[in-house]
Amino acid sequence: MKLWKKMALGAACALSLAGVAHAQDAKVLNVATDATFPPFEYYEDGKMTGFDIDMINALGEKMGREIKWTQIDFKGLVPGLVAKRFDVAVSAIYITDARKKVVDFSDTYYPGGLVVLTKADNETIKSPADLAGKKVSVQVGTKSVAYLNEHYPEAKLVEVEKNEEMFNLVLIGRAEAAVTGKPAALLFASKNPSIRVIPDQVTTEEYGIAVRKDLPDVTKAFNKALAEIKADGTYDALVDKWFGGVK
(Lines give C-alpha, C1' and ligand atoms only; values in the text may rest on other atoms or scores of the structure.)
Protein backbone atom coordinates (compact mmCIF):
# COMPACT_ATOMS: atom_id res chain seq x y z
CA MET A 1 0.00 0.00 0.00
CA LYS A 2 1.34 3.41 -0.90
CA LEU A 3 2.43 5.67 1.92
CA TRP A 4 -0.25 8.30 1.27
CA LYS A 5 -2.97 5.62 1.40
CA LYS A 6 -1.63 4.35 4.72
CA MET A 7 -1.62 7.89 6.08
CA ALA A 8 -5.18 8.51 4.89
CA LEU A 9 -6.35 5.23 6.42
CA GLY A 10 -4.63 6.09 9.71
CA ALA A 11 -6.22 9.51 9.79
CA ALA A 12 -9.65 8.04 9.08
CA CYS A 13 -9.24 5.53 11.90
CA ALA A 14 -8.13 8.26 14.28
CA LEU A 15 -11.14 10.37 13.39
CA SER A 16 -13.43 7.38 13.84
CA LEU A 17 -11.99 6.60 17.26
CA ALA A 18 -12.25 10.25 18.27
CA GLY A 19 -15.89 10.22 17.23
CA VAL A 20 -16.56 7.15 19.34
CA ALA A 21 -14.81 8.72 22.32
CA HIS A 22 -16.83 11.91 21.89
CA ALA A 23 -20.06 9.92 21.71
CA GLN A 24 -19.13 8.06 24.88
CA ASP A 25 -18.16 11.28 26.67
CA ALA A 26 -21.45 12.86 25.61
CA LYS A 27 -23.27 10.31 27.79
CA VAL A 28 -21.35 11.37 30.89
CA LEU A 29 -22.55 14.25 33.04
CA ASN A 30 -19.86 15.66 35.30
CA VAL A 31 -21.62 16.74 38.48
CA ALA A 32 -19.94 18.58 41.35
CA THR A 33 -21.10 18.74 44.97
CA ASP A 34 -19.84 19.58 48.43
CA ALA A 35 -20.82 16.42 50.28
CA THR A 36 -20.76 17.90 53.78
CA PHE A 37 -24.42 18.91 54.16
CA PRO A 38 -26.73 16.12 55.37
CA PRO A 39 -29.40 15.21 54.50
CA PHE A 40 -28.72 16.64 51.01
CA GLU A 41 -25.22 15.28 50.43
CA TYR A 42 -22.62 13.76 52.72
CA TYR A 43 -20.32 10.77 53.11
CA GLU A 44 -21.34 7.70 55.09
CA ASP A 45 -18.99 4.74 55.40
CA GLY A 46 -16.84 6.28 52.68
CA LYS A 47 -19.74 6.54 50.22
CA MET A 48 -21.45 9.68 48.97
CA THR A 49 -25.14 9.67 49.83
CA GLY A 50 -28.09 11.99 50.51
CA PHE A 51 -31.20 13.40 48.87
CA ASP A 52 -29.38 15.34 46.14
CA ILE A 53 -27.20 12.33 45.32
CA ASP A 54 -30.16 9.96 45.00
CA MET A 55 -32.15 12.51 43.02
CA ILE A 56 -29.41 13.27 40.50
CA ASN A 57 -28.73 9.56 40.00
CA ALA A 58 -32.47 9.02 39.37
CA LEU A 59 -32.57 11.95 36.94
CA GLY A 60 -29.48 10.66 35.16
CA GLU A 61 -31.16 7.30 34.68
CA LYS A 62 -34.21 8.99 33.15
CA MET A 63 -31.96 11.05 30.86
CA GLY A 64 -29.83 8.07 29.83
CA ARG A 65 -26.73 9.81 31.17
CA GLU A 66 -23.95 8.43 33.36
CA ILE A 67 -23.25 10.58 36.41
CA LYS A 68 -19.62 11.24 37.33
CA TRP A 69 -19.30 12.90 40.74
CA THR A 70 -16.69 15.45 41.84
CA GLN A 71 -16.25 16.59 45.45
CA ILE A 72 -15.38 20.29 45.80
CA ASP A 73 -15.78 23.03 48.42
CA PHE A 74 -19.11 24.84 48.14
CA LYS A 75 -17.50 28.19 47.36
CA GLY A 76 -15.98 26.66 44.20
CA LEU A 77 -19.20 25.27 42.71
CA VAL A 78 -20.44 28.27 40.72
CA PRO A 79 -16.93 29.45 39.69
CA GLY A 80 -16.19 25.87 38.59
CA LEU A 81 -19.26 25.88 36.33
CA VAL A 82 -18.24 29.21 34.84
CA ALA A 83 -14.73 27.83 34.19
CA LYS A 84 -16.28 24.68 32.63
CA ARG A 85 -14.52 22.37 35.10
CA PHE A 86 -17.76 20.35 35.27
CA ASP A 87 -21.23 20.45 33.73
CA VAL A 88 -23.58 20.55 36.68
CA ALA A 89 -23.53 21.43 40.38
CA VAL A 90 -26.00 20.20 42.98
CA SER A 91 -25.39 20.91 46.64
CA ALA A 92 -28.51 22.44 48.22
CA ILE A 93 -27.85 25.54 46.08
CA TYR A 94 -30.38 28.34 46.42
CA ILE A 95 -31.65 29.89 43.19
CA THR A 96 -30.68 33.57 43.36
CA ASP A 97 -30.70 36.44 40.88
CA ALA A 98 -26.95 36.89 41.30
CA ARG A 99 -26.22 33.23 40.51
CA LYS A 100 -28.64 33.24 37.54
CA LYS A 101 -26.44 35.84 35.88
CA VAL A 102 -23.62 33.33 35.48
CA VAL A 103 -25.27 29.87 35.54
CA ASP A 104 -28.62 28.38 34.58
CA PHE A 105 -30.93 26.60 37.00
CA SER A 106 -33.36 23.75 36.64
CA ASP A 107 -36.89 24.10 37.93
CA THR A 108 -36.87 24.17 41.72
CA TYR A 109 -36.75 20.70 43.26
CA TYR A 110 -37.24 21.41 46.98
CA PRO A 111 -38.33 24.36 49.16
CA GLY A 112 -35.95 25.68 51.76
CA GLY A 113 -34.86 28.79 53.56
CA LEU A 114 -32.32 30.09 56.02
CA VAL A 115 -32.90 29.53 59.73
CA VAL A 116 -31.06 30.25 62.97
CA LEU A 117 -29.91 27.47 65.24
CA THR A 118 -28.55 28.06 68.70
CA LYS A 119 -28.12 26.34 72.07
CA ALA A 120 -31.41 25.17 73.57
CA ASP A 121 -30.68 27.10 76.76
CA ASN A 122 -29.79 30.35 74.97
CA GLU A 123 -32.54 32.79 75.97
CA THR A 124 -30.98 35.79 74.23
CA ILE A 125 -31.75 34.65 70.66
CA LYS A 126 -35.47 34.32 69.96
CA SER A 127 -35.64 35.81 66.46
CA PRO A 128 -33.23 36.75 63.63
CA ALA A 129 -33.19 40.33 64.94
CA ASP A 130 -31.45 39.08 68.08
CA LEU A 131 -28.34 38.18 66.05
CA ALA A 132 -27.08 41.76 66.39
CA GLY A 133 -23.81 41.74 68.29
CA LYS A 134 -23.70 37.93 68.41
CA LYS A 135 -21.05 35.61 66.97
CA VAL A 136 -22.77 33.74 64.11
CA SER A 137 -21.09 30.89 62.23
CA VAL A 138 -21.72 30.66 58.49
CA GLN A 139 -20.26 28.69 55.61
CA VAL A 140 -18.09 30.59 53.12
CA GLY A 141 -19.75 31.15 49.74
CA THR A 142 -23.32 30.57 50.90
CA LYS A 143 -26.23 32.98 50.78
CA SER A 144 -26.08 33.21 54.58
CA VAL A 145 -22.96 35.37 54.35
CA ALA A 146 -24.30 37.94 51.86
CA TYR A 147 -27.78 38.03 53.40
CA LEU A 148 -26.57 38.60 56.94
CA ASN A 149 -24.08 41.23 55.83
CA GLU A 150 -26.88 43.11 54.08
CA HIS A 151 -29.78 42.65 56.50
CA TYR A 152 -28.09 41.99 59.85
CA PRO A 153 -24.79 43.89 59.57
CA GLU A 154 -24.33 44.01 63.35
CA ALA A 155 -23.99 40.21 63.53
CA LYS A 156 -20.37 39.14 64.00
CA LEU A 157 -19.87 36.52 61.29
CA VAL A 158 -17.48 33.62 61.82
CA GLU A 159 -16.90 32.20 58.32
CA VAL A 160 -15.84 28.55 58.01
CA GLU A 161 -15.17 26.20 55.10
CA LYS A 162 -17.32 23.24 56.14
CA ASN A 163 -20.75 22.73 57.64
CA GLU A 164 -19.37 20.51 60.37
CA GLU A 165 -17.24 23.42 61.58
CA MET A 166 -20.24 25.76 61.48
CA PHE A 167 -22.38 23.47 63.63
CA ASN A 168 -19.55 22.51 65.97
CA LEU A 169 -18.76 26.14 66.79
CA VAL A 170 -22.25 26.46 68.24
CA LEU A 171 -21.95 23.15 70.10
CA ILE A 172 -18.71 24.13 71.81
CA GLY A 173 -19.81 27.71 72.48
CA ARG A 174 -17.37 29.52 70.17
CA ALA A 175 -20.38 30.88 68.23
CA GLU A 176 -23.73 31.81 69.73
CA ALA A 177 -25.68 30.84 66.63
CA ALA A 178 -25.39 29.51 63.09
CA VAL A 179 -27.43 30.45 60.03
CA THR A 180 -27.94 27.72 57.45
CA GLY A 181 -30.54 25.81 55.42
CA LYS A 182 -33.65 24.65 57.29
CA PRO A 183 -33.54 20.90 56.46
CA ALA A 184 -29.91 20.55 57.57
CA ALA A 185 -30.52 22.61 60.70
CA LEU A 186 -33.53 20.53 61.73
CA LEU A 187 -31.62 17.29 61.15
CA PHE A 188 -28.69 18.50 63.24
CA ALA A 189 -31.00 19.65 66.06
CA SER A 190 -32.83 16.30 66.02
CA LYS A 191 -29.53 14.53 66.74
CA ASN A 192 -28.29 17.07 69.29
CA PRO A 193 -30.77 17.81 72.10
CA SER A 194 -28.66 20.76 73.28
CA ILE A 195 -29.47 22.58 69.99
CA ARG A 196 -32.72 24.20 68.87
CA VAL A 197 -33.89 25.92 65.67
CA ILE A 198 -35.78 29.15 66.27
CA PRO A 199 -39.26 29.17 64.67
CA ASP A 200 -38.94 32.37 62.61
CA GLN A 201 -37.16 31.71 59.31
CA VAL A 202 -34.59 34.20 58.13
CA THR A 203 -35.57 33.71 54.46
CA THR A 204 -37.69 31.50 52.23
CA GLU A 205 -35.76 29.96 49.34
CA GLU A 206 -35.89 27.37 46.57
CA TYR A 207 -33.20 24.81 45.73
CA GLY A 208 -32.19 24.24 42.11
CA ILE A 209 -29.71 22.26 40.00
CA ALA A 210 -27.07 24.64 38.61
CA VAL A 211 -25.96 24.07 34.99
CA ARG A 212 -23.38 25.72 32.75
CA LYS A 213 -24.97 28.41 30.59
CA ASP A 214 -23.58 26.84 27.42
CA LEU A 215 -25.55 23.62 28.09
CA PRO A 216 -29.22 24.70 27.73
CA ASP A 217 -30.22 21.24 26.48
CA VAL A 218 -28.99 19.75 29.77
CA THR A 219 -31.17 22.15 31.75
CA LYS A 220 -34.18 21.22 29.61
CA ALA A 221 -33.42 17.52 30.04
CA PHE A 222 -33.24 17.92 33.83
CA ASN A 223 -36.61 19.69 33.89
CA LYS A 224 -38.20 16.94 31.79
CA ALA A 225 -36.68 14.19 33.95
CA LEU A 226 -37.68 16.01 37.15
CA ALA A 227 -41.30 16.12 35.97
CA GLU A 228 -41.10 12.41 35.17
CA ILE A 229 -39.80 11.33 38.60
CA LYS A 230 -42.47 13.46 40.25
CA ALA A 231 -45.12 11.76 38.12
CA ASP A 232 -43.96 8.18 38.68
CA GLY A 233 -43.53 8.41 42.47
CA THR A 234 -39.73 8.35 42.58
CA TYR A 235 -39.50 11.90 43.90
CA ASP A 236 -42.04 11.32 46.68
CA ALA A 237 -40.17 8.18 47.74
CA LEU A 238 -36.94 10.19 48.05
CA VAL A 239 -38.68 12.92 50.05
CA ASP A 240 -40.08 10.25 52.38
CA LYS A 241 -36.64 8.67 52.74
CA TRP A 242 -34.68 11.85 53.49
CA PHE A 243 -37.20 14.35 54.90
CA GLY A 244 -39.93 12.18 56.38
CA GLY A 245 -42.30 13.19 53.61
CA VAL A 246 -42.08 16.94 54.30
CA LYS A 247 -42.00 19.04 51.11
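Computed from a predicted model, the values in this text were never measured in an experiment.
Looking at Asn223, its side chain does come within 3.5 Å of a backbone N or O of Asp107 through a donor-acceptor pair. Under a 3.5 Å cut-off, the side chain of Gln71 and the backbone N or O of Ala35 do form a donor-acceptor pair. A donor-acceptor contact shorter than 3.5 Å links the side chain of Tyr94 to the backbone of Gly113. Side chain of Asp45 to backbone of Lys47: no donor-acceptor contact under 3.5 angstrom is found.
In this structure, Asp121 does not pair ionically with Lys119, as no charged nitrogen and carboxylate oxygen lie closer than 4.0 Å. For Lys162 and Asp34, the salt-bridge test passes: some basic side-chain N is under 4.0 Å from an acidic carboxylate O.
More than 12 heavy atoms of other residues, nucleotides or ligands sit less than 6.0 Å from atom NZ of Lys213.
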Give every donor-acceptor pair under 3.5 Å between a side-chain atom in residues 171-190 and any protein atom, sequence neighbours left out.
| unit_1 | atom_1 | unit_2 | atom_2 | d |
| --- | --- | --- | --- | --- |
| Glu176 | OE2 | Lys135 | N | 3.1 |
| Lys182 | NZ | Gln201 | OE1 | 3.1 |
| Ser190 | OG | Leu187 | O | 2.6 |

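Contact annotation: the side chain of Glu165 never approaches that of Asn168 to less than 4.5 Å [non-hydrogen atoms, C-beta and beyond]. Using a 4.5 Å heavy-atom threshold, the side chains of His151 and Val202 count as separate. Contact of the Asp52 side chain with the Tyr207 side chain is not registered, since no non-hydrogen atoms from C-beta on lie closer than 4.5 Å. Side chains of Ile125 and Leu131 form a contact here, defined as non-hydrogen atoms less than 4.5 Å apart. Taking the side chain as every heavy atom from C-beta outward, Leu117 and Phe167 approach each other to under 4.5 Å.
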For this session: Please assess Arg65 against Asp87 for the test salt bridge (Lys or Arg N to Asp or Glu O under 4.0 Å), listing each intermediate value before the final yes or no.
Result: CA-CA 12 Å; Arg65 304 289 292 269; Asp87 308 316; 5.4 Å; no
For this session: Take Ile229 and Met55 through the test side-chain contact (heavy atoms from CB on, under 4.5 Å) and record every step on the way to the result.
Result: CA-CA 9 Å; Ile229 67 169; Met55 181 190 68; 4.2 Å; yes
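Between the side chains of Asn122 and Thr124, at least one donor N or O sits under 3.5 Å from an acceptor N or O.
Cluster annotation: Tyr152 is not connected to Val197 through the hydrophobic network of ILVMFWY side chains, with a link wherever side-chain heavy atoms come within less than 4.5 Å.
When hydrophobic residues (I, L, V, M, F, W, Y) are linked wherever their side-chain heavy atoms come within less than 4.5 Å, the members clustered with Val103 are Ile72, Phe74, Leu77, Val78, Leu81, Val82, Phe86, Ile93, Ile95, Val102, Phe105.
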